[in-house]
K.L.:
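Structure incoming, see below.
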Amino acid sequence: MGAADSVPGVSGGTIAFITGIYERLIGAIASLDPRAIVHLGRLHRPGGRQAFVAELRKMDVPFLIALGTGVLTSLVLVSRVMHVALNDARALTFAFFFGLIAASAVVLYDQVSVATPSRIGAAVLGFGLAFFVSGVTAGAEYSHALPFVFGAGTIAITAMILPGVSGAFFLVLLGQYDYLTTVLKRFVDRLVGLVTGDATLAGVLDLGATVVTFAVGALLGLLVFARIVEWALANYRYVTLTFLVSLMVGALRLPVIEVLDNTATWSPVTTLVTVLAGAIGVIVVLLLDYYTESLAY
């Protein structure tokens, strides 16, 4: 799931379906109860510790910790790869992103319906919003202030647990993807440097503030906004999916701009390589869809 959530257009929720843990994941998230912290004041007593452990097991927290550790590990590893790709082959990387996002929209197309005014409105709103934001984001000096990072975390995590919708896609749309992959890589490097003596605590804390802010925003989104989206899918499925797919289509403007702006000259070889990068993105999503076509979302 972490690897899927690290690239725009591939959903961690889809991977959860493939591995058969999606329902357990949603159930565990829904069962999280902040009131369990009342047991912390009684941990010095055997009965208090037993009650606290029982409550954690009831909420399936051990499962969430194991899953979260795996997701975090993969996010760290894949983000390093994406950092190098964005710096050394930005145009090809965004061509790959284009293929991922476009194929995801195609895969979800059968879920789209514009048979009613509300669905038409959702489609127009989703496409228009993403098209506008993509134009503002592409090539712009987007704000990376902590409030923006916090907001990006709340939005991205909501999509990360939904099949077919990528959390990294929203980070790209919000202009935070490139920045956050860089921050995460440098933060991990400085943590390692702190152990080896090659980095200072101040340097770690500087980047750590961004990482923690994003994580707190993601936690809030997981507990609140993800449930709202789940409710919307349960009660207004076609309107919600029409909006989400239209959002993806509108957002294709961003990778197109990035590819054009970061390609110095166009030659037959350059064109072929760019198309190939996009095709690889398409193939990745179509393969995932092939192996999950029998699964009911």
Side-chain angles (χ1 to χ4, degrees), residues 1-17 19 21-34 59-61 63-79 82 97 100-101 104 126 129-130 133 137 142 144-184 187 208-234 240-241 243-244 247-248 251 297:
M1 287 182 64
D5 285 330
S6 299
V7 292
V10 184
S11 168
T14 298
I15 304 301
F17 261 115
T19 55
I21 64 170
Y22 186 75
E23 291 186 7
R24 185 178 180 184
L25 172 61
I26 297 301
I29 293 173
S31 67
L32 290 175
D33 188 353
M59 295 185 293
D60 214 0
V61 171
F63 162 76
L64 290 177
I65 291 175
L67 181 66
T69 302
V71 168
L72 181 60
T73 301
S74 191
L75 280 172
V76 169
L77 295 175
V78 177
S79 67
M82 299 314 302
F97 289 170
L100 290 173
I101 297 170
S104 295
L129 179 63
V133 174
T137 301
Y142 215 77
H144 303 303
L146 294 183
F148 286 95
V149 173
F150 179 86
T154 62
I155 295 172
I157 197 66
T158 302
M160 284 180 179
I161 65 169
L162 295 177
V165 184
S166 165
F169 157 72
F170 283 102
L171 292 181
V172 170
L173 183 60
L174 294 171
Q176 303 296 331
Y177 182 81
D178 198 345
Y179 170 72
L180 289 174
T181 54
T182 300
V183 167
L184 183 57
F187 176 68
T210 300
V211 174
V212 171
T213 299
F214 180 83
V216 172
L219 180 61
L220 176 63
L222 193 65
L223 296 175
V224 179
F225 294 105
R227 297 185 184 186
I228 294 175
V229 175
E230 286 295 320
W231 172 85
L233 282 174
T240 304
L241 286 175
F243 174 78
L244 291 174
L247 205 66
M248 290 181 182
Y297 289 176

K.L.:
Kindly give the heavy-atom pair with the smallest separation between Leu75 and Ser6, and that separation in Å.
P.N.:
CD2-OG, 3.1 Å
K.L.:
How would you list, by chain and number, every residue that makes a side-chain contact (heavy atoms from CB on, under 4.5 Å) with Ile65, sequence neighbours excluded?
P.N.:
Val61, Thr69
K.L.:
To the nearest 0.5 angstrom, please state how far the CG atom of Leu32 sits from the CG atom of Asp60.
P.N.:
9.5 Å
K.L.:
Any non-hydrogen side-chain atom of Leu171 less than 4.5 Å from a side-chain atom of Phe214?
P.N.:
yes
K.L.:
So, using ring pair (Phe, Tyr, Trp, His ring centres under 6.0 Å) as the criterion, who are the partners of Phe243 when residues are at least two apart?
P.N.:
none
K.L.:
Taking the six-membered ring for Trp, are the ring centroids of Tyr177 and Phe170 within less than 6.0 Å of each other?
P.N.:
no
K.L.:
Which pair of non-hydrogen atoms, one from Leu64 and one from Met59, has the smallest distance, and what is that distance?
P.N.:
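Distance-wise, the nearest heavy atoms are CD1-O, 4.4 Å.
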K.L.:
Measure across Leu146 and Thr213 and return the closest heavy-atom pair with its distance rounded to 0.1 Å.
P.N.:
O-CG2, 3.4 Å
K.L.:
Which distance, rounded to the nearest 0.5 Å, do you find between the OG of Ser79 and the CG of Leu72?
P.N.:
9.5 Å
K.L.:
List for me each residue that meets side-chain hydrogen bond (donor to acceptor under 3.5 Å, both in side chains) alongside Ser74, sequence neighbours excluded, and say none if there are none.
P.N.:
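Testing Ser74 for side-chain hydrogen bond (donor to acceptor under 3.5 Å, both in side chains), a comparison that skips the adjacent residues, returns none.
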K.L.:
Considering residues at least two apart in sequence or located in another chain, which fulfil the side-chain contact (heavy atoms from CB on, under 4.5 Å) criterion with Val183?
P.N.:
Tyr179, Leu207, Thr210, Val211
K.L.:
Taking all heavy atoms of Val7 and all of Met82, pick out the closest pair and write down the distance.
P.N.:
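Closest approach of Val7 to Met82: CG1-SD, 3.9 Å.
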K.L.:
What residues, two or more places apart in sequence or in another chain, satisfy side-chain contact (heavy atoms from CB on, under 4.5 Å) together with Thr182?
P.N.:
His83, Asp178, Arg186
K.L.:
The criterion is side-chain contact (heavy atoms from CB on, under 4.5 Å); which residues satisfy it with Ala215, sequence neighbours excluded?
P.N.:
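For Ala215 there are no side-chain contact (heavy atoms from CB on, under 4.5 Å) partners, ignoring immediate neighbours.
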K.L.:
So, for Phe63 and Ala28, which heavy atoms are closest and what is the spacing to 0.1 Å?
P.N.:
CD2-CB, 4.3 Å
K.L.:
So, for Gly175 and His144, which heavy atoms are closest and what is the spacing to 0.1 Å?
P.N.:
O-CE1, 3.3 Å
K.L.:
Report the residue from Leu220, Leu219, Val212 that forms a side-chain contact (heavy atoms from CB on, under 4.5 Å) with Val216.
P.N.:
Val212
K.L.:
Can you tell me how far the CG atom of Leu67 sits from the CE atom of Met1, to the nearest 0.5 Å?
P.N.:
5.5 Å
